[in-house]
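Taking it in order: structure first as structure tokens, then the write-up.
Here is how names work: the chains are called A, B, and so on, in the same order as the sequence lines, proteins then strands, and each is numbered from 1.
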Number of protein chains: 2
Amino acid sequence: MRSGERRITLADVAAEAGVSVACVSIVMRGAPGAGEATRERVLKVAEELGYRPDSRARLLRSGRSRLLGVVFDVRHPFHHDLLTGLYDAAGAAGYQLTLSAVTPRRGERTAVGDLLQDRCEAIVLFGGNMRSAELASIASRLPVVAMMRSARRRDVDVVHNDDALGSHQAVDHLVSLGHRRIAHVDGGTVHGSAERRAGYQEAMRRHGLAEFIRVIPGGAAEEDGARAAERLLVDPPTAVTVFNDLSATGLLDVLRRNGLSVPGDVSVVGYDDTSLSRLAHIDLTTIGQDIDGLAARAIERAVERIEGTPSGPRAVIIPPRLVVRTTTGAPSR
Amino acid sequence: MRSGERRITLADVAAEAGVSVACVSIVMRGAPGAGEATRERVLKVAEELGYRPDSRARLLRSGRSRLLGVVFDVRHPFHHDLLTGLYDAAGAAGYQLTLSAVTPRRGERTAVGDLLQDRCEAIVLFGGNMRSAELASIASRLPVVAMMRSARRRDVDVVHNDDALGSHQAVDHLVSLGHRRIAHVDGGTVHGSAERRAGYQEAMRRHGLAEFIRVIPGGAAEEDGARAAERLLVDPPTAVTVFNDLSATGLLDVLRRNGLSVPGDVSVVGYDDTSLSRLAHIDLTTIGQDIDGLAARAIERAVERIEGTPSGPRAVIIPPRLVVRTTTGAPSR
DNA sequence: ATGAAAGCGCTAACAC
DNA sequence: GTGTTAGCGCTTTCAT
């Protein structure tokens with residue numbers, strides 16, 4: 001038998017406390033203009049009645065929702081880490097988050113649509129494959145911040161990790177260990193792959209290792225890394241930088257199954273510092289993205305656009321950092 | 001320059017189409033009571049103007065939100081799989097989902113609070129450590145469906161996997177392979193651990209293997225499995241059933257590092273069929289939960305409570321299924 | 001088949 | 001310091 005037969009409204013609290021609804025509204029919002037005695041009594045009555053403000057009505061009336069929509073993909077572990085940071089940053093800025101998930105059976109289009117209907121004031125998009133034109137049509141309605149992807153539009157803010165720099169860090173680390181024959185397994189057509197690949201190539205050239213540049217086509221999945229490892233087996237380099245941790249895991253597995261020791265024969269560096277890379281038996285050296293930094297800057301951009309003070313650069317690129325674990329060491333050959 | 005200066009309302013569409021707002025409302029909802037010609041014209045104008053109904057206003061007026069709140073934990077991979085199923089089930093029942101995440105810095109209390117304020121009509125809770133009494137106080141306000149946990153309350157529906165049966169399936173599988181000395185690494189104080197442990201013990205007794213019952217204290221994390229493996233090393237059984245996949249992964253790692261082959265020397269069975277267990281180099285035999293079944297039943301329970309037709313049992317227990325991979329085989333000893 | 005009008009629960013002017 | 005009033009954008013009788 002549940003008691004939630006009728007929701008308690010401001011009017012109920014007002015009647016019970018013997019004041020007007022406006023007065024209760026003031027008290028509930030903590031706005032100035034109410035006596036201490038009244039304030040206390042109203043709060044007490046609200047508490048007793050189990051009153052909860054109706055955010056819909058409130059937002060409808062005030063014209064603002066102070067709501068930030070977030071589109072994330074349930075399949076991507078990194079998105080979940082980022083959500084954590086985003087909640088903190090949004091809360092600090094006085095905004096609430098409203099989440100809309102992309103699932104194998106629920107596209108970005110749908111996810112964004114729901115958010116628009118919720119009248120959030122800006123949308124933060126995690127990755128995704130939405131085309132620039134589509135992004136632009138959303139951006140024409142409300143501020144859009146795209147994370148972990150690029151967007152060739154002046155009206156879309158982008159906040160992401162510096163992929164090229166991450167690749168530089170990986171290569172620098174391996175070179176400092178004494179490696180020269182360093183290969184790269186890329187991410188295929190996934191967002192960020194081109195930048196990471198170019199970063200690898202540039203870093204190799206910077207170290208005078210242009211002749212050792214070797215890019216193996218890969219992808220974002222474990223199998224992609226496994227396939228790449230098989231191609232590498234013929235003539236193994238002493239080190240490999242891989243597009244992401246998952247692919248690196250697949251590569252590690254195939255390498256070891258074929259009798260190569262890591263890091264004895266081959267050193268491996270992943271990307272993203274996902275929980276997978278931290279597992280004891282994987283313990284992968286990787287490039288970690290600054291999650292809280294990314295989150296804070298994304299919220300900052302969104303709020304600036306909402307509140308009409310668009311300052312600073314349109315694109316925010318955050319430097320990643322190297323996380324050394326046990327899959328890298330000095331070359332034995 | 002974005003054009004979303006002002007939101008387009010029903011009135012705008014009505015004015016543009018030369019009809020009343022009520023008429024537009026009818027058309028937009030697809031309600032009966034509008035001529036075909038009018039309907040088409042209104043739809044065309046709405047499209048041109050880029051009109052989007054304001055869900056807040058709509059719900060405020062109609063008194064219903066048709067919104068189901070979901071509390072999930074960003075850290076739990078299984079929760080994400082379940083979200084996918086839940087979106088489908090909710091959509092089919094004519095409800096929308098509103099997500100509220102639990103993060104390392106955002107508790108269940110906060111997550112539920114936001115949902116209450118959003119005036120959703122029921123709450124679906126994934127796991128969590130909320131106490132029964134607290135759950136009850138929420139349930140006194142609106143229907144609550146708890147998933148992947150139990151609740152000793154008549155007013156809280158629970159929908160979860162049959163943990164005891166899962167353990168039976170694991171033991172049956174191992175016994176059919178010829179194992180007798182089968183140990184169990186439990187989940188400590190985590191929800192479901194007691195049931196899985198009891199199921200293991202009962203299955204062992206059922207097979208006349210009571211004398212081989214051996215329970216090692218564990219937990220939900222990888223390290224818990226690793227620690228348990230170290231204790232097992234002294235006198236290894238021929239098979240182990242583990243509380244979950246993550247713990248099983250830690251156990252596998254320690255076993256192999258100590259020269260034991262899997263499944264040659266020891267067979268291992270996990271629980272949950274998470275993406276981790278599917279990784280090529282882990283390829284763990286495990287117990288899979290019926291995600292779509294769980295999701296469908298949870299939505300069903302929630303909707304029944306909302307619409308006032310509470311029929312059927314309060315608790316829904318769904319049978320899991322064995323997923324055989326490569327960590328189990330016939331015993332060599 | 002369509003329109004006028006009331007009001008969902010709340011906030012924001014303004015008056016008292 | 002507190003109450004009155006007028007809506008926010010929409011749905012929903014009830015007339016027409």
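Closest to the side chain of A34(A), from the set dT2(D), dG9(C), dT11(D), is dT2(D). Taking the side chain of R61(B) as heavy atoms from C-beta on, and the options dG9(D), dT4(D), dG3(C), the nearest nucleotide is dG9(D). Of the candidate nucleotides dT11(C), dT2(D), dG9(D), dG9(D) has the atom nearest to the side chain of D54(B). Of the candidate nucleotides dT2(D), dT11(D), dG3(D), dT2(D) has the atom nearest to the side chain of T38(A). For L10(A), whose side chain is taken as the heavy atoms from C-beta onward, the closest listed nucleotide among dC10(C), dT4(D), dG9(C) is dC10(C). Distance from the side chain of T9(B) is smallest for dG9(D) among the nucleotides dG9(D), dT12(D), dC10(C).
Between E36(B) atom CD and dA1(C) atom P there is a gap of 11 Å when expressed in whole angstrom units. Remark: P of dA1(C) and CZ of R29(B) are 15 Å apart, rounded to the nearest angstrom. Across the protein-nucleic acid pair, R41(A) atom CZ and dG1(D) atom P stand 15 Å apart, rounded to whole Å. The CG atom of L60(A) sits 6 Å away from the C1' atom of dG9(D) (whole-angstrom rounding). Separating the CD1 atom of I26(A) from the C1' atom of dT4(D) is a distance of 12 Å, rounded to the nearest angstrom. Following rounding to the nearest Å, L59(A) (CG) and dG7(D) (C1') show an atom-to-atom distance of 16 Å. The nearest whole Å value for the distance from the CD atom in E40(A) to the P atom in dG1(D) is 16 Å. Atom CZ of R66(B) and atom P of dC8(C) are 21 Å apart (whole Å).
Looking at which nucleotide of DNA chain C each of A57(B) and C23(B) is closest to, the 5′-most match is held by C23(B). Between V21(B) and R39(B), the one whose closest nucleotide on DNA chain C sits nearer the 5' end is R39(B).
With hydrogens and angles disregarded, a donor-acceptor distance shorter than 3.5 Å links the side chain of R41(B) to the backbone of A17(B). Panel note: side chain R301(B), backbone V145(B); no donor-acceptor pair is recorded below 3.5 Å.
At the heavy-atom level, A22(B) lies under 4.0 Å from base atoms of the strands shown. Across all strands, G33(B) comes closer than 4.0 Å to base atoms (heavy-atom distances). In this structure, R56(B) reaches neither bases nor backbone, as no heavy-atom distance under 4.0 Å exists between it and the strands shown.
Remark: the R58(B) side chain and the dG9(D) base include no donor-acceptor N/O pair separated by less than 3.5 Å.
The salt bridge (Lys or Arg N to Asp or Glu O under 4.0 Å) with D157(B) is formed by just one residue from the set R314(B), R305(B), R149(B); it is R305(B).
F126(B) and F72(B) have perpendicular rings, their planes meeting at more than 60° on a 0 to 90° scale where under 30° would count as parallel.
Salt bridge present: R105(A) and D292(B) bring a charged side-chain N and a carboxylate O closer than 4.0 Å. Comment: E121(A) engages R64(A) in a salt bridge, judged by a side-chain N to carboxylate O separation of less than 4.0 angstrom.
The side chain of S25(A) places an N or O atom within less than 4.0 Å of a non-bridging phosphate oxygen (OP1 or OP2) of dT11(C).
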